[in-house]
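In what follows, a single structure is set out as structure tokens and then discussed.
The basis for the numbers below is simple: all heavy atoms, side chains too, and nothing from hydrogens, waters or symmetry mates.
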Amino acid sequence: TLLVAPTTPPDRAAQIARASTGFVYLLARVGLTGQSSAALDAPALRTRIDALRRATNLPIACGFGITTAADVKSVVGAGAADAAIVGSALVRAMADSHQTGKPIPAQASFFIESLRSGLV
């Protein structure tokens, strides 16, 4: 899957969307995966999602810095993206299992359940 960054010019983003298969991976913010130092700019993200929807019928998934239910809600709320990609935050949550005393699968399930509230 190809990535569309916040800094990708609109014409290039449309070109990437048309070349993608399966889904379009839209970076929700500038930075490195697993780090969410930059605030999620929901209105700007929605503008970028709308532009991509005009270029492709593929589902749009947003990732990079998605760590909380509020982030999930910002990304998929109000018909914005089709999916929120949560990778590094899930890995961190599983690594915390030794602190919580929960087995890794239980810790992962607990974290995923906390994110799910952003979908409603």
Side-chain angles (χ1 to χ4, degrees):
T1 294
L2 305 169
L3 304 176
V4 177
T7 56
T8 303
D11 58 332
R12 176 74 176 135
Q15 185 179 26
I16 291 169
R18 287 189 296 272
S20 294
T21 58
F23 67 96
V24 178
Y25 193 142
L26 178 63
L27 278 61
R29 54 182 104 211
V30 175
L32 302 174
T33 186
Q35 298 179 359
S36 59
S37 58
L40 184 63
D41 183 348
L45 183 60
R46 180 58 188 254
T47 299
R48 293 172 39 230
I49 291 168
D50 290 344
L52 287 174
R53 290 214 186 277
R54 290 189 294 274
T56 183
N57 290 325
L58 291 174
I60 298 170
C62 291
F64 274 51
I66 308 301
T67 60
T68 66
D71 290 337
V72 171
K73 187 172 187 168
S74 291
V75 167
V76 299
D82 299 295
I85 299 173
V86 180
S88 298
L90 175 59
V91 171
R92 273 194 308 279
M94 290 187 302
D96 289 344
S97 68
H98 69 283
Q99 293 176 349
T100 65
K102 294 180 183 173
I104 290 173
Q107 181 69 18
S109 180
F110 177 79
F111 178 71
I112 291 167
E113 186 65 27
S114 75
L115 295 175
R116 201 175 94 169
S117 68
L119 296 174
V120 291

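- Partners of Ala5 under the side-chain contact (heavy atoms from CB on, under 4.5 Å) rule, at least two apart in sequence or in another chain, are Thr7, Thr8, Leu27.
- Contact detail for Leu3 and Tyr25: the closest heavy-atom pair is CD2-CG, 3.3 Å.
- Using a 4.5 Å cut-off between side-chain heavy atoms of Ile, Leu, Val, Met, Phe, Trp and Tyr, with links allowed through other members, Val86 and Leu119 fall into the same hydrophobic cluster.
- Contact record, Ala81 with Ile49: N-CD1, 3.6 Å, taken as the closest heavy-atom pair.
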TODO: Go through the steps to decide whether Ile85 and Ile66 satisfy the test side chain to side chain contact (heavy atoms under 4.5 Å, CB included), and finish with yes or no.
DONE: CA-CA 7 Å; Ile85 299 173; Ile66 308 301; over 6 Å; no

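- Residues Arg46 and Asp50 are paired through a salt bridge, judged by an N-O separation under 4.0 Å between the basic side chain and the carboxylate.
- Considering only heavy atoms from C-beta on, Pro6 stays 4.5 Å or farther from Asp41 through its side chain.
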Open item on the list: Between Arg92 and Asp96, is the salt bridge (Lys or Arg N to Asp or Glu O under 4.0 Å) condition met? List the steps.
Closed with: CA-CA 6 Å; Arg92 273 194 308 279; Asp96 289 344; over 6 Å; no

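- Of the inter-residue distances, the one linking Ile16 atom CD1 with Asp11 atom CG reads 9.5 Å to the nearest 0.5 angstrom.
- Rounded to the nearest 0.5 Å, atoms CG (Leu52) and CD1 (Ile60) are 4.5 Å apart.
- Closest of all the heavy-atom pairs between Gly118 and Val76 is O-CG2, 4.3 Å.
- Taking the salt bridge (Lys or Arg N to Asp or Glu O under 4.0 Å) definition, one finds that Asp82 meets it with Arg53, sequence neighbours left out.
- Counting only residues at least two apart or on different chains, the side chain to side chain donor-acceptor pair (under 3.5 Å) pairs with a member in residues 13-22 are Arg12-Gln15.
- Residue pairs satisfying the salt bridge (charged side-chain N to carboxylate O under 4.0 Å, His left out) criterion with at least one member in residues 56-68, sequence neighbours excluded, are absent.
- Nearest heavy atoms, Val4 versus Arg48: O-NH2, 4.0 Å.
- For the pair Leu45 and Cys62, the minimum side-chain heavy-atom distance is below 4.5 Å.
- For Ser97, there are no side chain to side chain donor-acceptor pair (under 3.5 Å) partners at least two apart in sequence or on another chain.
- Counting only residues at least two apart or on different chains, the side chain to side chain donor-acceptor pair (under 3.5 Å) pairs with a member in residues 107-120 are Thr100-Gln107.
- Residues Leu90 and Phe110 are members of separate hydrophobic clusters, defined by side-chain heavy-atom contacts under 4.5 angstrom among Ile, Leu, Val, Met, Phe, Trp and Tyr.
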